[in-house]
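One structure below.
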Amino acid sequence: MDRDQHHTAEGGQREWVTDISTCSAAAQSDEEQNETEAEISFQVNNDNPETAALSDTSKSPSPSSSMTTKQLQDYWRNEKRRCRQVKLLFEIPSTRIVEQYLSKYVLYKIIIIQTGSFDGNKSVIERRYSDFEKLHKNLLKDFNEEIEDVTFPKKCLTGNFTEEMITERKLAFRDYLGFLYSIKCVRRSKKFIDFLIRPEMEEAYGCLRGGQYTKALEILVQVIALQEKLTKHSPVLIVPTLCALVVCHKDLENPASAYEYGEKALLCLQIHGGHRYYVPLLETMITLAYELGKDFLSLQEKLEESKAKRDQIKVFTLKELAVREYIQ
């Protein structure tokens, strides 16, 4: 591919990816204003928070005429910071050919970078053609209208391993992911997020179930960095992963690290008292707090309050919940 074609592909990606890096409070379009108001007014379903399309739960006070100039400046500064959203870019810099018994395929190395500031925690995953194909077919079931104009690279009977074909598909898949991410309903869908994290999650939870906590921890730390970027709209979605990290650190006798991840999980659950992980997490945090010499009485009060609101049903331990995740 010559330089002009490469620049054309780069320009196409920039057109596809929606510019959501900043949110101007002073000059917001009618569509953006309606969307913001709709998300703020959205009623959170505490009984099943993981399937609800949750909006950002952080709230700021409204500006008023009684504010001083400095207070107004601080308000708008915080408002702009609150409205600034994550924008991800996808690059496919390299590939590798895998040969197995009666099987040969190309793995595409995908680098996912957060823009707007230095991303020292970029994510790297590998996917093959059949993974992209499965994603496309699944998305067509739910978002046919939104992605009907996308041209997906067709399968070829021959020539799949030529340098020309691999380079062509690298650019096509890069632009394809950028286009999908530019569509809000698609990038927030479980199918899109699963494409990016599920294989690694399945490997990590398999290690956890097998007692390989160090290996599980290594994978989970990498995956949660990407998962957090993909689920800014609904932080409660990362709770199971945070709790899996708690379990790994606890079993590896790292109570301080376990407690740190537990605090993050509790912060995500502060308005989701009915979440299935809430009581098991509190029970584990009480044990960790006692071991670390931290305040456990406030956690005990929350636990008793939560149990008083629940029916007397069996509650799994945090580890019992964790090992049930990602079982096919």
Is there a side-chain contact between E91 and R174 (heavy atoms, below 4.5 Å)?
yes

Are Y259 and L252 linked, directly or through other ILVMFWY residues, by side chains that come within less than 4.5 angstrom of each other?
yes

How about Y176 and F152: are their ring centroids closer than 6.0 Å?
yes

Chi angles and distances behind the side-chain contact (heavy atoms from CB on, under 4.5 Å) call for V246, L318:
CA-CA 9 Å; V246 172; L318 197 64; 3.8 Å; yes

Do I193 and V186 land in one hydrophobic cluster if side-chain heavy atoms of ILVMFWY residues count as linked below 4.5 Å?
yes

Do R127 and E200 meet the salt-bridge criterion of a basic N to acidic O distance under 4.0 Å?
yes

How about F132 and F195: are their ring centres within less than 6.0 Å of each other?
yes

Below 4.0 angstrom, N of the basic side chain to O of the carboxylate: do E228 and K232 qualify?
no

Pairwise side-chain contact, S234 with L237, heavy-atom cut-off 4.5 Å (strictly under):
yes

Is E202 paired with R198 through a side-chain N to carboxylate O contact shorter than 4.0 Å?
yes

Backbone N/O of R169 and side chain of Y129: donor-acceptor pair under 3.5 Å:
no

According to a 4.5 Å side-chain heavy-atom criterion applied to Ile, Leu, Val, Met, Phe, Trp and Tyr, with indirect links allowed, do I92 and M165 form part of one hydrophobic cluster?
no

Do the ring centers of Y278 and H272 come within less than 6.0 Å of each other?
no

Can E320 and R324 be said to form a salt bridge (charged side-chain N to carboxylate O under 4.0 Å, His left out), step by step?
CA-CA 7 Å; E320 287 173 338; R324 284 169 168 75; 5.3 Å; no

Over 12 foreign heavy atoms within 6.0 Å of NZ, K250
no

Carefully, step by step, assess R128 and E133 under the rule salt bridge (charged side-chain N to carboxylate O under 4.0 Å, His left out).
CA-CA 9 Å; R128 54 189 292 187; E133 185 180 41; over 6 Å; no

